[in-house]
Novice: 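Shown below is the structure under consideration.
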Amino acid sequence: MENTAASRIYYSIKEVASSLGEAESTLRHWEREFPDVISPNRKGRDIRFYSEKDIESVRLIKYLRRDCGLTSDGVRKKLKNSRERESAARHADIVWRLKNIKAELLLLKEAMDEVERIKGAE
């Protein structure tokens, strides 16, 4: 899910759901709603393996549903138009990166606050 040289090829639905802050049932629902966009490999009936491409598609759908407030029909329309899809994908990636940066900054602030608290107790 990170773009590193040691990236894995596939991820479980649990890993993808956790990294995106969504329920596994939501990912399964989106998979049924957008079968042309999300098509994880399967082992048997219930075990899904998501590729990086699948994860990018899920992120895009999450962005369009959660951040843009589109309905499933709105998402389908956006995904059908290649120019709109490309633009939305760029925006989704930017939003994803900014949210990750914000989370890291909040962790850093918490650590700095803890250091200040310890210094003040001395």
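Sequence positions, counted from 1, serve as the residue numbers for this chain.
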Novice: How are the rings of H91 and Y63 set relative to one another: parallel (under 30°), tilted (30 to 60°) or perpendicular (over 60°)?
Specialist: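 Parallel: the ring planes of H91 and Y63 meet at under 30°.
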
Novice: Which distance, rounded to the nearest 0.5 Å, do you find between the SG of C68 and the CD1 of I61?
Specialist: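 Answer for the SG-CD1 pair, C68 versus I61, is 12.5 Å.
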
Novice: At their closest point, which heavy atom of L79 faces which heavy atom of R85, and how far apart are they?
Specialist: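 Heavy-atom minimum between the residues: O-CD, 3.8 Å.
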
Novice: Can D54 and S51 be counted as having a side-chain donor-acceptor contact under 3.5 angstrom?
Specialist: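 The answer is yes; a qualifying pair exists.
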
Novice: Quick check: do D67 and K99 have side-chain heavy atoms less than 4.5 Å from each other?
Specialist: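 Side-chain contact under 4.5 Å: yes.
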
Novice: Can you find a heavy atom in the side chain of R32 that is under 4.5 Å from one in the side chain of H29?
Specialist: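 R32 reaches H29 side chain to side chain.
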
Novice: Work out which heavy atom in A23 is nearest to a heavy atom in A17; give both atom names and the distance.
Specialist: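 Nearest pair, atom of A23 first, then A17: C-CB, 4.1 Å.
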
Novice: List the residues meeting salt bridge (charged side-chain N to carboxylate O under 4.0 Å, His left out) with D73, not counting sequence neighbours, and say none if there are none.
Specialist: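 Applying salt bridge (charged side-chain N to carboxylate O under 4.0 Å, His left out) to D73 gives R76.
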
Novice: Is there side-chain contact between R28 and R48, with at least one heavy-atom pair below 4.5 Å?
Specialist: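 When only atoms from C-beta onward are counted, R48 and R28 do touch, with a gap below 4.5 Å.
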
Novice: State whether E114 and R117 are salt-bridged, where the test is any N-O pair (Lys NZ or Arg NE/NH1/NH2 against Asp/Glu carboxylate O) under 4.0 Å.
Specialist: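 Result for this pair is yes, salt bridge flagged.
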
Novice: To the nearest 0.5 Å, tell me how far Y10 OH sits from N41 CG.
Specialist: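 Reported to 0.5 Å precision, the distance equals 4.0 Å.
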
Novice: Under a 4.5 Å cut-off applied to non-hydrogen side-chain atoms, are L27 and Y50 in contact?
Specialist: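 Answer yes - side chains close enough.
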
Novice: Rounded to the nearest 0.5 Å, what separation is found between the CD1 atom of I101 and the CG atom of L106?
Specialist: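 If I round to the nearest 0.5 Å, the distance is 12.0 Å.
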
Novice: When you check the gap from the basic side-chain N to the acidic O, do K109 and D113 get nearer than 4.0 Å?
Specialist: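 A salt bridge links K109 with D113.
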
Novice: To check you understand the geometry: which heavy-atom pair defines the closest contact between K43 and F49, and what is its length?
Specialist: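 Looks like CB-CE1, 3.6 Å.
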
Novice: Please indicate whether F34 has more than 12 foreign heavy atoms, meaning atoms of other residues, nucleotides or ligands, lying under 6.0 Å from its CZ.
Specialist: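 Yes - once you tally the heavy atoms of other residues, nucleotides and ligands closer than 6.0 Å, there are more than 12.
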
Novice: Return yes if some donor-acceptor pair links the side-chain N/O of S57 with the main-chain N/O of K53 below 3.5 Å, else return no.
Specialist: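 Side chain of S57 to backbone of K53: a pair is present.
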
Novice: OG1 of T26 to CD1 of I13: how many Å apart, nearest 0.5 Å?
Specialist: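 One gets 9.5 Å once the value is rounded to the nearest 0.5 Å.
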
Novice: Hey, could you give me the CG/CD distance between L107 and E104, rounded to the nearest 0.5 Å?
Specialist: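 Going from CG on L107 over to CD on E104, the span is 7.5 Å.
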
Novice: Measure the spacing between CD1 of I38 and CD1 of I55 and express it to the nearest 0.5 Å.
Specialist: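 Atom-to-atom, I38:CD1 and I55:CD1 are 11.0 Å apart.
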
Novice: Carefully, step by step, assess E31 and R42 under the rule salt bridge (Lys or Arg N to Asp or Glu O under 4.0 Å).
Specialist: CA-CA 12 Å; E31 182 183 330; R42 290 176 177 257; 2.5 Å; yes

Novice: Applying the salt bridge (charged side-chain N to carboxylate O under 4.0 Å, His left out) test to E22, which of R65, R66, R59 qualifies?
Specialist: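 Exactly one option meets the salt bridge (charged side-chain N to carboxylate O under 4.0 Å, His left out) with E22, and it is R66.
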
Novice: Examine I47 and I9 and state if one hydrophobic cluster contains both, with Ile, Leu, Val, Met, Phe, Trp and Tyr joined whenever side-chain heavy atoms are less than 4.5 Å apart.
Specialist: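 Yes, it is one cluster - the side chains of I47 and I9 are joined through contacts under 4.5 Å.
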
